[in-house]
Asks: 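The structure is given below, and queries will be raised subsequently.
The structure presented is a predicted model; accordingly, all values stated were derived computationally and were not measured. Order of the sequence lines fixes the chain letters, A, B, ..., with proteins taken first and strands second; residue numbering starts at 1 for each chain.
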Amino acid sequence: MTDKGVVYDLGYVPYEGERRARRGAIATTYRDGIYRVFGIRRRARKKILPWSLIVLAILPATVFVGFAFLLSTFSPEADSPFGGHGEYFSITGGVVLLFVALAGPELLIPDRREGVLSIYSSRPLTPDDYIGTRAASLLTVVAGFMLIPQVLMYIGFAALSSSGFFSALLDNADEIPKILAATVVYALAAAPLALLISTVASRKAAATGIYLGVLFVGTGLAAALVEATSVPGSRYAALLSIGDHPDFVRDWIFGLTGSSETVMASAGFDPWVSLAVIAAVAVASSIFVVWRYRRLM
Amino acid sequence: MSEAPILTARDLGLAYGSIVALHGVEFDLPPGRIGLVGANGAGKTTLIKILLGILKPTVGSATVLNFDATSDMLDVRSRIGYMPESDCLPLDITAADFVVYTAGLAGLPANAARQRASDVLTLVGLEEERFRPIEGFSTGMKQRTKLAQAIVHDPELVFLDEPTAGLDPAGREEMLELISRLGGFGINVLVSSHVLGDIERTCDWVLMLDGGRVLRSGPLSHLVDADVVAVEVIGDADRVAQHLVAAGAAVDVTGPRLLVSTTIDDPFRLVRDALAETGTGMRSMGPKATTLEDVFLEGSES
């Protein structure tokens, strides 16, 4: 036996392990989408905005639960001054729109601008796989955004309930389908439109600006037109209040329609009209995005 | 060609509206290193995109590794690699992260992807720089990263579209050296280039395209070794030419220079005999140095 080390030049070693082909390509693209919107494996400045918005979405829920804890300690009979799950969507709903305004362009535009689509085109991935996976990444993140604070509140309030943790969980179980339904509505209202705009815009900042403009300027304009009752048919301008539709449907889901302050409510529309507008915009946006990427890839 | 072809085309054509990019393309290309040559606009990139399944041919068909390029697109893409000519690198991540990602896109599990990316980046000479963001890379480093992503999953066949574009002489040498080594790794290569010298140095089979049609297809040695003798005489070149033609050779006379070829005898012996019989002196004689460029120009003129 010798104590001298030996260095072997193995050169190129062929790969003979597992190949997951399309399944692997889809999983990798999905994971990359999640990483990308949170700035993971990217420079620190790419992490600042998404993580700030996550904190903004979750922090109030933490404060609510903490305040409820103090209230239950010092004044057990007092009612919580904060709203329930339905009201909390008005906080996360606004934050998620801002998040999607940043995440949608981040998911699609760099791949096009930097020519990375040609790499996807040489891997076992169809254009539909690519765009479907990107959309799934965005919808997952949006759903997480909406659900994490709701789960925090649901469990937190149950833990503080005087009727006991498990009893409170069961008593409030009827809130769960409402929370899930509202989450789906917000996700469908926010994500497809962001992907549509990111498909046609060539710069991320422009896409973000256009998206926020459509949501907020459109809604403001719709509100102004609805109030101008002297104009015949002005109430139909409420249909343009894209940013307002999910709030109106949320109020419907949680039984808050009577107190709804949305443009659609002011114009006298039923909530199902808002639901139909959200569905129509989501379907039309998805069709266009798929069509566009079939031509690009 | 004794081995089964890895790439075939039958009456392949593609038109963008009224513009015909490829027309009546037919070939059978063997395993090894294949050069795809042609001027800009000859249809090289269009052909590669058809073989990748990105473009659908207007007429005809093509196969890659025995899979139909259109209907079996995903099977083809599971087995090939592609280094595009244009920019294809995300600038805000490191070369290591990008190559790991592209290995995952090819279906490799995460651990294998990381290991392969590390090995391949070392192979292309980016061992030190792999953890730097790509935006700070030179053109040569970017080209190496593009090559690394093309071979990270150990494909059976890799398409390299203008791999030396934008490289300085030293970078070009290194890239050609890398391409030459791919064959030794068991990876078949199709190199597209308009730099014929690059093809001569790296390939053993050449497919020439011109105006969307196949100009030539064959082993490089057959294309450039034309059995032509170049002679420069001192005296009456036309008289020597007459003797050679009478002996069955084909002769092209330009001033004192003659290009002599024959299929029935050794051209050197014919020239020797003709010079002796006519009493003509000779300044030089040797095999004509036929380059791929000569073959291409000759083919495109005819």
Side-chain angles (χ1 to χ4, degrees), chain A residues 9-36 39-47 106-130 133-134 204 293-297, chain B residues 48-49 52-55 73-94 96-98 100-113 115-116 119-120 123 133-135 146 149-155 158-159 161 181-182 184-187:
Chain A
D9 178 10
L10 296 176
Y12 181 85
V13 181
Y15 178 71
E16 291 170 356
E18 181 190 7
R19 291 178 189 268
R20 297 182 300 169
R22 185 183 192 183
R23 184 167 52 93
I26 289 172
T28 302
T29 311
Y30 174 76
R31 191 170 54 242
D32 174 71
I34 306 267
Y35 284 1
R36 190 176 288 210
I40 297 170
R41 293 187 181 160
R42 273 148 174 98
R43 291 184 169 181
R45 63 185 163 85
K46 293 242 178 186
K47 297 178 176 67
E106 183 65 44
L107 279 170
L108 296 187
I109 294 176
D111 280 347
R112 282 205 318 276
R113 278 182 66 86
E114 292 166 349
V116 190
L117 285 185
S118 60
I119 302 296
Y120 292 101
S121 296
S122 68
R123 297 300 199 253
L125 201 70
T126 66
D128 292 2
D129 292 339
Y130 171 80
T133 309
R134 285 290 192 233
K204 289 190 286 185
Y293 271 84
R294 282 181 181 175
R295 293 175 68 90
L296 286 173
M297 290 177 74
Chain B
I48 289 178
K49 286 187 173 178
L52 285 169
I54 298 172
L55 294 175
M73 176 187 78
L74 293 178
D75 289 311
V76 170
R77 292 182 181 181
S78 297
R79 290 164 174 79
I80 57 97
Y82 174 44
M83 176 182 174
E85 178 186 8
S86 55
D87 291 337
C88 65
L89 302 175
L91 302 178
D92 60 343
I93 64 173
T94 66
D97 282 340
F98 177 63
V100 169
Y101 179 50
T102 57
L105 283 178
L108 270 61
N111 286 339
Q115 182 61 53
R116 288 285 308 174
D119 293 349
V120 168
L123 184 79
I134 294 170
E135 66 188 337
K146 284 161 69 172
Q149 67 76 27
I151 61 171
V152 67
H153 51 300
D154 190 27
V158 64
F159 296 99
D161 197 356
R181 291 175 64 195
L182 290 179
F185 304 153
I187 301 175

Asks: Glu85(B) versus chain A, heavy atoms under 4.5 Å apart: side chain, backbone, both or neither?
Replies: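 Neither part, no heavy atoms under 4.5 Å.
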Asks: What part of Asp97(B) gets closer than 4.5 Å to chain A, counting heavy atoms only: side chain, backbone, both or neither?
Replies: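 Contact with chain A involves the side chain of Asp97(B) alone.
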Asks: So what's closer than 4.5 Å to chain B heavy atoms on Pro110(A): side chain, backbone, both or neither?
Replies: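 Pro110(A) has no heavy atom closer than 4.5 Å to chain B.
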Asks: Should we count CG of Asp128(A) as having more than 12 external heavy atoms under 6.0 Å?
Replies: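 Above 12, so yes.
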Asks: Considering only heavy atoms, which portion of Phe98(B) lies under 4.5 Å from any heavy atom of chain A: side chain, backbone, both, or neither?
Replies: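 Interface part for Phe98(B): side chain.
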Asks: Tell me, for Val152(B) versus chain A, whether the close heavy atoms (under 4.5 Å) come from the side chain, the backbone, both or neither.
Replies: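 Val152(B) touches chain A through side-chain heavy atoms alone.
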Asks: Which atoms of Pro84(B) come close to chain A, meaning under 4.5 Å heavy atom to heavy atom: side chain ones, backbone ones, both, or neither?
Replies: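 The side chain, not the backbone.
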Asks: Of the backbone (N, CA, C, O) and the side chain (C-beta and beyond), which part of Leu55(B) lies under 4.5 Å from a heavy atom of chain A, both, or neither?
Replies: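 Nothing of Leu55(B), per the 4.5 Å heavy-atom cut-off to chain A.
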Asks: Counting heavy-atom pairs under 4.5 Å with chain B, which one of Ser118(A), Ser121(A), Pro127(A) comes out on top?
Replies: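 Max contact count across the listed options: Ser121(A).
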Asks: Identify which of Arg41(A), Lys46(A), Arg23(A), Glu114(A) forms the greatest number of heavy-atom pairs closer than 4.5 Å to chain B.
Replies: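 The candidate making the most pairs under 4.5 Å is Glu114(A).
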Asks: Using non-hydrogen atoms only, which part of Arg19(A) is less than 4.5 Å away from chain B: side chain, backbone, both, or neither?
Replies: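 Contact with chain B: backbone and side chain both.
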Asks: I'd like to verify something: which residue of Ala21(A), Gly24(A), Gly17(A) has the highest number of heavy-atom pairs under 4.5 Å with chain B?
Replies: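 Greatest number of close heavy-atom pairs with chain B: Ala21(A).
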Asks: Quick one: what part of Gln115(B) sits under 4.5 Å from any heavy atom of chain A, side chain, backbone, both or neither?
Replies: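 Contact with chain A involves no heavy atom of Gln115(B) at all.
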Asks: Measuring heavy-atom distances to chain A, does Met73(B) have an atom under 4.5 Å in its side chain, in its backbone, in both, or in neither?
Replies: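 Contact with chain A is through the side chain of Met73(B) alone.
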